[in-house]
There are 2 protein chains.
Amino acid sequence: MERSTRQGTAIRAAIEREGRPLSPQEVLEAARGEVPSLGIATVYRNLKDLLESGEIGLVALPGESPRYESRQAAGHHHHHFRCDRCGRVFDVQGCGGLSGIAVPPGFAVQRHEITLYGVCAECRAGQAADADEAAPSADAGCGHGHRH
Amino acid sequence: MERSTRQGTAIRAAIEREGRPLSPQEVLEAARGEVPSLGIATVYRNLKDLLESGEIGLVALPGESPRYESRQAAGHHHHHFRCDRCGRVFDVQGCGGLSGIAVPPGFAVQRHEITLYGVCAECRAGQAADADEAAPSADAGCGHGHRH
DNA sequence: CTACGTGCAAAAAGTTTGCAATCGC
DNA sequence: GCGATTGCAAACTTTTTGCACGTAG
């Protein structure tokens, strides 16, 4: 990327502003607030360039199309939470390690990816439907028997 | 979806026979050995039905298209390890929980997905290249600063 | 014989590419 | 003005759907 264009600026601003991983489509919608004529092709091209230049990071969740987040967020250690209701993805800080997982002998683990699934605060509040799963913080899962 | 057809049998047999997660395309190619006229649409329809009936499991890794594996493998609680060298995916048993991860207030975690990345035993032995990452078991990552 | 399942082709959905017009420098 | 960048549309890829025909029960 060389030139500074309104489109590129709007796209970068959108990702920075949202502070969470955005899909190309979400980026398009967010950036159109500044540049209504923005096309999806331009979004893809810009995302690709920003990714290569390291300005943004790629967030790939199991079975989902890729999302992009600001370098600031991508730079440090964190994982993701995906809301089953609204489909949005959020960053979650911290990582207590993976003790308990039995990697076969001889295997060298170099990094890992953790994705949490559930309902975000907004959806819980908005559609006060079920009140089964409580545990607002961490260690949900494992031991209960849900399938991962 | 009740009848026993040559196509359905071939598809199920292919997945069972391979013993590893297969993409729809791989299933098609494998099953065509028995039913040459098999079409991709039938593969998708069968996979969908088999998935719903629980006969096979879905394996979705970050950034990769979905794969399907036999129920035997998919049935119990486990996560996945993907070798950066050979690209193969292995099951890893156990799950020590997620304590340490700070989910935002109000968020309800219901399940999670963990994918480990590194080098499998076979690749480590075969291509004795680097010997940096040791930790054959668990808790690799976190604290080092690698991006997830 | 009945209707479920298949195969083919068209339709969606998501991403990339070709090109002429536009706009930054 | 020159050439990088954009927007639109067409090309691709992957998965789903509409339909008429074949075939299991």
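Basis for what follows: all heavy atoms, side chains included, without hydrogens, waters or symmetry-related copies. Proteins come first, then strands; the chains are lettered A, B, ... in the order of their sequence lines, and each starts at number 1.
- Side-chain N/O atoms of B:T5 include none lying less than 4.0 angstrom from OP1 or OP2 on C:dC4.
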Using the salt bridge (Lys or Arg N to Asp or Glu O under 4.0 Å) rule, take A:R82 and B:E113 through it: C-alpha gap first, then chi angles, then the decisive distance, then the call.
CA-CA 11 Å; A:R82 181 178 184 285; B:E113 197 76 56; over 6 Å; no

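- When the P atom of C:dA13 is taken as reference, atom CD of A:E64 falls 17 Å away, rounded to whole Å.
- The CD1 atom of A:I40 sits 13 Å away from the C1' atom of D:dT6 (whole-angstrom rounding).
- The base of C:dG5 does not come close enough to the side chain of B:R6 for any donor and acceptor atom to sit less than 3.5 Å apart.
- Hydrophobic clustering of Ile, Leu, Val, Met, Phe, Trp and Tyr side chains at less than 4.5 Å, counting indirect connections, keeps A:I11 apart from A:V59.
- The heavy-atom pair separating A:L58 from A:P66 by the smallest distance is CD1-CB, 3.4 Å.
- Side-chain nitrogen and oxygen atoms of A:S65 include none within less than 4.0 Å of the OP1 or OP2 phosphate oxygen of C:dG14.
- The side chain of B:N46 lies closest to C:dT6 when the candidates are C:dT6, D:dA9, D:dG25.
- Two residues are said to be in side-chain contact when any heavy atoms from C-beta on lie closer than 4.5 Å; A:D84 and B:R111 meet this criterion.
- Of all nucleotides listed (C:dT15, C:dT6, D:dT6), C:dT6 comes nearest to the side chain of B:Q7.
- A:E26 is linked by a salt bridge (charged side-chain N to carboxylate O under 4.0 Å, His left out) to A:R20, counting only residues two or more places apart in sequence or in another chain.
- Of the residues in residues 24-38 of chain B, not one comes within less than 4.0 Å of DNA chain D through any heavy atom.
- Between B:S70 and B:E16, the closest heavy-atom pair is CB-OE2, 3.1 Å.
- Contact of A:R3 with C:dC25 (side chain to base): no donor-acceptor pair of N or O atoms is detected under 3.5 Å.
- Between A:Y44 atom OH and D:dT6 atom C1' the separation is 17 Å, expressed in whole Å.
- Here the closest non-hydrogen pair linking A:A14 and A:A31 is CB-N, 4.1 Å.
- Nearest to the side-chain atoms of B:R45 among the listed nucleotides C:dT15, D:dG18, C:dC19 stands D:dG18.
- Note: CD (A:E52) to P (C:dT16) measures 11 Å, nearest angstrom.
- We find that CG of B:L47 is positioned 15 Å from P of D:dT14, with the value rounded to whole Å.
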